[in-house]
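Basis for what follows: all heavy atoms, side chains included, without hydrogens, waters or symmetry-related copies. Atoms within a ligand are numbered from 1 in the order they appear, just like the ligands themselves.
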Amino acid sequence: MTTAMRISPEPPVAAAALPWDAPVGDAVASIAAARAEHGDTFVVHSGEAGRDTYLFCFSPQGVESFYALPEESASKGVADYLMLRRKLPDEVFADRRTLPGGLFRKDDVATYLTALDDSLDLTITELGGAGTVDLFALTRRLGHRMGLASWGGPGSASGEVFEALAADLDQLDGAASFVHPDTVRAVAESGYAEERAALERVVALLGPAVDAASAAPEEHGLFGRIVAAWSDAGPEDRRRGAALDVVLVHVASMSNLNAALGWALVDLLEHPDALERVRGGDAAFASRCALESTRLAQRSIMSRHVMSPVALDTGATTYEVGPGVTIATLLPLTNLDPALGHDRWDPERWDRYRFTDTAGLASPQLVTAFGHGKHTCPAQPFSLAAMTASATRLLTTYDLTTRWTDHPLPVPAQIGGVARASGPVEVSYSRRA
Ligand code: HEM
């Protein structure tokens, strides 16, 4: 089907490739170049024979119209699935009974923050008195531990079971679909062989905990809720079903948080005054720092897959968009306007969750760290509390010396999510007196 039949009037078509179709070098720069050539609204064709159509919008009204699209006709859930399934086989998504959106019932956040505290204790024990560590490896391991302590059941967050689960969850990190989109074609061509092997190992590793929790799920927090949802199934289906629920919850939620914490530490280490203020215990300031680092590190492609016809008003034109098109905007192209100084780190721009440095900005919705509208991240308060607690604990326990000379760079091919660092980001540390 041609663009003309799916989008009316027909927007300009950019020759840009998306990183999962062809090597593009820097994926964000490639979309920026298309925008410089075609303006704020344009189409990029993707997939086999260019069958997938991405309608990018960047004008202030276009972005506002994007965030107002109703889920029933322009679905974020379907768009996310279409992205993640490039890395993960269908069985991870089919028949799920607990979804990441179900993680934020009353009291859940308190449970996660207790799990974080325990995980920080273990992290500090592991780090010992002095050494050298890659910041992003450290935050990823911390995130695995906290996540598994929260929803992985008894025994999953320590010892050999933790080591094995962390390795398999790295293998299953769906974020590879947008962090290394250039590698996912090979994953599909292999029939997801390594991912399926990792899934089987996770099912085996979590099986005993599922069995143990089945007797009294109410005593096992969120993990108990996941297991209870399978109470009508036989033991084998219950083990598999609950384990795959844990996998989806974990891989869909943790990787952005781990990366954002890495950048928050990088930025604080590069701003000694701010670092001292965080060490002094100013939690509200630390939270603003975390928000600002997350904003700067955002490479998210925000996308909605059109299920039934919708109108997208870009200010200049109202487009009628038909089913099958993915409407998208790309945060790094609107978040970081150098003319407004938005490419610099300044935590004082935030008043709680609100970005206040809006002078000269045509719409407040052009800048974000956790999204706008009804899909705004439900984990924002939890994520900021977790980043604040982790940064404060690590920075008050250790003196850290950066081993990089230039500010670390993101993986260039990444399109989507919070930036991952393109190389090692090492610090040496020693315990403070
Ligand atoms: C620093 C860490 C995080 C960042 C920067 C982040 C960012 C975002 C953004 C920008 C959105 C909106 C996407 C859109 O409109 O297309 C979103 C949605 C979402 N996030 Fe997060 N997120 C983070 C951590 C988490 C965690 C830890 C969880 C779960 C434990 C989570 C669960 C979700 C869910 C379920 C949605 C979808 C909400 C909906 O569709 O209504 N996020 N996140």
Can you check whether Phe382 and Tyr112 have ring centres sitting under 6.0 Å from each other? yes
Tell me, please, whether Phe355 has Arg349 positioned over its six-membered ring: NZ or CZ under 6.0 Å from the ring centre and within 45 degrees of its axis? no
Determine, for Phe136 and Arg420, whether the Lys NZ or Arg CZ falls below 6.0 Å from the six-membered ring centre while staying within 45 degrees of the axis. no
Put together the list of close N/O pairs, under 3.5 Å, between ligand 1 and the protein, could you?
{"from": "ligand 1", "atom 1": "15 (O)", "to": "Arg304", "atom 2": "NH2", "distance (Å)": "2.9"}
{"from": "ligand 1", "atom 1": "16 (O)", "to": "Arg304", "atom 2": "NH1", "distance (Å)": "2.8"}
{"from": "ligand 1", "atom 1": "40 (O)", "to": "His375", "atom 2": "ND1", "distance (Å)": "2.7"}
{"from": "ligand 1", "atom 1": "41 (O)", "to": "His375", "atom 2": "ND1", "distance (Å)": "3.3"}

Lys/Arg N to Asp/Glu carboxylate O, Arg295 vs Asp346, below 4.0 Å: no
Checking side chain to side chain donor-acceptor pair (under 3.5 Å) for the pair Thr314/Gln61: CA distance, chi angles, key distance, verdict? CA-CA 5 Å; Thr314 65; Gln61 205 159 331; over 6 Å; no
Can you name the side chain to side chain donor-acceptor pair (under 3.5 Å) partners of Asp117, sequence neighbours left out? none
